[in-house]
Amino acid sequence: MPFFLMILGGIEVSRYTWTRIVLEQVAYAGARCAGLRAVSCSNAAADTRDPRSFDAAKTMAFVQGSASARMVALPQGEISIDATMTCNGNTDFVRIALDHAFASPFLSMAGLGSTRIAASACFPQQP
């Protein structure tokens, strides 16, 4: 029984670590997409030469799609997008903050419910 619990505990620690790393990668990718005003996160079509502006809905969809591709479900309530932030004393940054509820059947069995994993990233807005 102790060996079985040790294996299951190792699996859950690995799942937690993997989820945390995925959230960090998704936060950075979302902030970069919005900061660069990539087509996936802006309001202009790819074939226009017009200056593109930040689009929060497209950025939200990009972040959710990036997380989903890595098998992490992120509802809108767990994503915060700020287009004009100050990060590390620098102004005019895009900030993506994620606050994910990590659910584990073993935490539930122990009566602990779920734990939160937070990740955030900033990227400068490009002209």
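By the side chain to side chain contact (heavy atoms under 4.5 Å, CB included) test, A83 pairs with F54, Q125, sequence neighbours left out. Partners of R15 by salt bridge (charged side-chain N to carboxylate O under 4.0 Å, His left out), not counting sequence neighbours, listed by chain and number: E12.
The NZ atom of K58 sits 6.0 Å away from atom OG of S42, with the distance rounded to the nearest 0.5 Å. The CD1 atom of I96 sits 7.5 Å away from atom SG of C41, with the distance rounded to the nearest 0.5 Å.
V13 and M6 are not part of a single hydrophobic cluster, where members link through side-chain heavy atoms under 4.5 Å apart.
Listed here is the closest heavy atom pair of R70 and W18: O-CH2, 2.7 Å.
Residue pairs meeting the salt bridge (Lys or Arg N to Asp or Glu O under 4.0 Å) criterion with at least one partner in residues 83-99, sequence neighbours excluded, are D99-R116.
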Less than 3.5 Å apart, which donor and acceptor atoms pair up between the side chains of residues 21-36 and the rest of the protein, not counting sequence neighbours?
from	atom 1	to	atom 2	distance (Å)
E24	OE2	R20	NH1	3.1

Return all side-chain donor-acceptor pairs below 3.5 angstrom for residues 75-82, not counting sequence neighbours, or 'none' if the list is empty.
from	atom 1	to	atom 2	distance (Å)
E78	OE1	H100	ND1	2.8
E78	OE2	A101	N	3.2

- [ ] Verify side-chain contact (heavy atoms from CB on, under 4.5 Å) between V63 and L98, making sure each step is shown before the conclusion.
- [x] CA-CA 10 Å; V63 169; L98 308 174; 4.0 Å; yes
